[in-house]
Amino acid sequence: MSSYDDTLPLQPPIRLPGKATLAAAVRAAPLAEELKPEGDDAEVLALWAEHCRQRLAEDEGLLLELVRLFLSREPLRGETSGTLTGLGLVRQAEPYTLSWLGLWVARQIIAETTGQDIPVMGSLADADAATLLHGLRSYPESERGEELAGWLKGRDEQAAVDEIASVLAGVSPLSRAVGVELLSTAFGEEGRQSLARLLEEPKLGAVIAARLGREERQPSPEEIAWVLVDMAAALLEFGGETGEVIESIAMGMKAEEQAGTIAILAFGDHPWTGQVLRVFIEHHPDERVVAAARKALRRLRGLADLRG
């Protein structure tokens, strides 16, 4: 992706009833007679989702209204479309909101158009630790605790700590930040000890130390680029403003100093380095820093060829 201005920020989870309730809502929708509501619940829902996609594709205004309702998560005043009401996607009231069925359909459409899989509360209970951390990236604190409690049900807590700790090195930057936060706050002494044991790990230990403010574990020269990119990439992954991403590396330095810092990023092998450099190339206001980022990106590609 060439620009990050129109990246959809990570969306918080939604709550949905089970398939039986959703399928009953399909059968009760005013426009359900357009299709025959036959087959089991899963078949009815699949048929209705496709029907909704086709109807919304015919009218971009309807599609935008549905997405706007989903993203705002707030009731809207005024009159809504008869089609959205007829499809069972909007509760006809003043102000009006999305129905359960509307949330369900909008979530699918957003996933198909943006690639973002918006989580459903309770859906991570049987996930592995990496999937859990990935899913929790967009959860507000209270709902994160609720989802984590569901995941922990029936699990040994020490085993859960060990499982989360074991995946930290391999997950995405924001998933890693979530995992470090959980282990430091939600699991008591067991979680904090697991992080302490990871401090000496190359790269991962340096990121943990930076996130926890553990000054006794300073990054080696080779780790500095990795830590800077990981912290910036977590903001980028969340859909943060490009200014926040830039400031996480600039840290108030003057342009000349920033250019020097940018130059070292090419020597780390963080998988997000190229994406972070492109933010600087496309959005930094100072041409000296932009030039340094371009040079670093060329060097990064050259080094990747050598490593390959």
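Side-chain atoms are counted along with the backbone in the values below, which use heavy atoms only and exclude waters and symmetry mates. What you are looking at is a predicted structure, and each value in this text was computed from that prediction instead of being measured.
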Same hydrophobic cluster for [X] and [Y], using side-chain heavy-atom links shorter than 4.5 Å among ILVMFWY?
{"X": "Val120", "Y": "Ile109", "value": "yes"}
{"X": "Leu152", "Y": "Leu136", "value": "yes"}
{"X": "Leu64", "Y": "Val105", "value": "no"}

Under 6.0 Å from the [atom1] atom of [X], do we count more than 12 heavy atoms belonging to anything else shown?
{"X": "Glu50", "atom1": "CD", "result": "yes"}
{"X": "Glu60", "atom1": "CD", "result": "no"}
{"X": "Asp126", "atom1": "CG", "result": "no"}
{"X": "His270", "atom1": "NE2", "result": "yes"}
{"X": "Glu215", "atom1": "CD", "result": "no"}
{"X": "Glu287", "atom1": "CD", "result": "yes"}
{"X": "Glu112", "atom1": "CD", "result": "yes"}

Walk me through whether Leu212 and Arg192 qualify under side-chain contact (heavy atoms from CB on, under 4.5 Å). CA-CA 10 Å; Leu212 298 181; Arg192 290 188 287 275; over 6 Å; no

Exercise: do Ser220 and Glu222 side chains pair donor with acceptor under 3.5 Å: yes

Are a donor atom and an acceptor atom from the side chains of Gln11 and Arg107 found within less than 3.5 Å of each other? no

Taking C-beta and beyond as the side chain, do [X] and [Y] meet within less than 4.5 Å on heavy atoms?
{"X": "Leu174", "Y": "Leu10", "result": "yes"}
{"X": "Thr83", "Y": "Asp59", "result": "no"}
{"X": "Ile262", "Y": "His284", "result": "no"}
{"X": "Leu76", "Y": "Arg68", "result": "yes"}
{"X": "Leu101", "Y": "Leu22", "result": "yes"}
{"X": "Gln218", "Y": "Glu223", "result": "no"}
{"X": "Val90", "Y": "Leu98", "result": "yes"}
{"X": "Leu148", "Y": "Leu132", "result": "yes"}

Using side-chain contact (heavy atoms from CB on, under 4.5 Å), reason through Ile164 and Phe187 one step at a time and then give a plain yes or no. CA-CA 11 Å; Ile164 292 173; Phe187 287 97; 3.9 Å; yes

Nearest heavy atoms of [X] and [Y], plus distance in Å:
{"X": "Thr261", "Y": "Ile264", "answer": "O-CG1, 3.0 Å"}
{"X": "Arg299", "Y": "Ala263", "answer": "NH1-O, 4.1 Å"}
{"X": "Ala130", "Y": "Val171", "answer": "CB-CG1, 3.9 Å"}

Between Leu87 and His51, is the side-chain contact (heavy atoms from CB on, under 4.5 Å) condition met? List the steps. CA-CA 9 Å; Leu87 290 170; His51 182 59; 4.0 Å; yes

Test Lys203 against Asp230 for salt bridge (charged side-chain N to carboxylate O under 4.0 Å, His left out), laying out the working first. CA-CA 10 Å; Lys203 301 173 186 173; Asp230 204 64; over 6 Å; no

